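For reference, the structure is listed below as structure tokens.
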Amino acid sequence: MQLSVIGSGYVGTTVASCFADLGHEVVNVDIDQEIVDSINSGTPPVHEEGLPELVAEHAGADGTGRLRATTDYDAVLDTDVTFLCLPTPQNDDGSIDLSIMEAGATRLGATLAAKPDWHTVIVKSTVVPGSTEDVITPVLAAESEKTAGEGFGVGMNPEFLREGSAVDDFLNPDKVVLGADDDRARRDMRAVFEPLVARADAPVVETDTRTAEMIKYANNAFLAAKISLINDLGNICKELGIDSYEVADAIGLDDRIGEQFLRSGVGWGGSCFPKDVAAIVAAAKREGYDPAVLEAAVEINEGQPERLLSLLADHVDLDGARIAVLGLAFKPGTDDVRNSRAIPVIRGLQERGATVTAYDPVATDNAREYVADVEYADAAATALADADGAVVVTDWDEFAALDEEFDAMAAPVVVDGRRVVERRDGITYEGLTW
Ligand code: UGA
């Protein structure tokens, strides 16, 4: 099929490249000429494992030609289906800001006015229930001067892609959710996903757009709450002198609980869990419902950096101390620091009068935008040398290999927020929940 994908962030580029790999002809539309040039030269504009190979294979001079990029919205006219993969940032009250989606839908709708045939538009971005039906579809209808369900159809297909493993998550989904409010859009969605479903033998959930939107929020809210619950239990374990990881390993054997997302520690960050939980809480409150468990999940998450700092303060007088912060990315395998737990940890250290030397293998440049007055080291060993204490915030593998580097500290105190450092004699070691 002929597909267009609007937006070339990590979701849009991944979706476009993977569909090209599955045999579709794909054009990726983005307003940024540099991003477009990058894709057309065979290089992805975002860092994602497996993406360089796919973009090189399908775009660029030596590619199969199944993937190209353009800034020209008219390219959608030669396609059957368009995916909207645009950002949905957060407003101050936690609700989502649909303005970029609306602007994209406005341009897309105006472009579709020139298409005499049917066109299906699929919303891929994470949007609160009702956004597709009540906001995006009316914009498309007004701009294209067509009637939804007659001249064009709209679907909603949430993404479950983790940053860092987005390609693998796309090609090996545990489910494909196809939300549509009319039969023709649903048929188009089935046809687009047929090669993926056949290859991955993935279960398909067919539903309406509102339910599809809610499935995405429920998925992320459940996972975030699961981590907060294991953190809550982990905090109890710490108080009682019990290793929460031993407890998590045991309860994870129960299929009803499952072994994944039971790593307790300094909490969840990133561009998805914090934003999505806040948005669904805000949406619930607008309807007059207080989602107590999700609010508690946020509260526990916000408390974990403080618990880490108070464990450190039990061993180090933080006023005037120099503390090494190991890890800035919100999780390993990415340079993304958005909502990283490193941010409240660093600010908390500074509020207590400490100076901070931080190290991250890839996220240093991005971190500069979020925290000021931090000295950045080019290696963990440099950050640790002569430091009065250290905290581990991101579970990068290379931190597990650190050993004698701790002996070079002025005082070898390590508070581990991710259970990566080996407890041993000669180090004053505190695990956050063990
Ligand atoms: C998350 C979801 O896992 C994806 O399914 C979803 O598609 C994506 O959000 C999205 O909405 O776009 P992501 O934010 O990339 O993906 O990262 P995760 O791997 O889920 O980790 C999120 C946070 O939870 C990280 O800070 C990580 O350190 C933390 N975490 C994860 C824990 O503290 N403990 C765990 O056991 C697992």
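As the structure is a prediction and not an experimental result, all values here were calculated from the model. Just so you know, ligand 1 is whichever comes first in the structure, and atom 1 is the first atom listed for that ligand.
At least one heavy atom of C272 sits less than 4.0 Å from an atom of ligand 1. Under the 4.0 angstrom criterion for non-hydrogen atoms, G265 is not in contact with ligand 1. Put simply, no part of T126 is less than 4.0 Å from ligand 1, judged by heavy atoms.
In terms of N/O distances under 3.5 Å, ligand 1 is not approached by I227.
Scanning the protein for heavy atoms near atom 15 (O) of ligand 1, the closest one is E163 N, 2.8 Å. For atom 14 (O) of ligand 1, the closest heavy atom belonging to the protein is F330 CE1, 3.7 Å.
Here D243 pairs with R419 in a salt bridge; the nearest charged N to carboxylate O distance falls below 4.0 Å. A salt bridge links R256 and D254; the closest N-O separation between the charged side-chain nitrogens and carboxylate oxygens is under 4.0 Å.
At a cut-off of 3.5 Å, with distance as the only test, no side-chain donor of W434 or D416 sits close to an acceptor on the other residue.
Annotation for ligand 1: atoms under 4.0 Å from non-hydrogen atoms of Y10 are 12 (O). Those atoms of ligand 1 that come under 4.0 Å of a heavy atom in D276, given as number and element, are 11 (O).
If you look at N220 next to ligand 1, the close heavy atoms, those under 4.0 Å, all belong to the side chain.
The aromatic rings of F193 and F19 sit perpendicular to each other, their planes meeting at more than 60°, with 30° as the lower class boundary.
We find the OH-CG distance between Y245 and L262 to be 9.5 Å, quoted to the nearest 0.5 Å.
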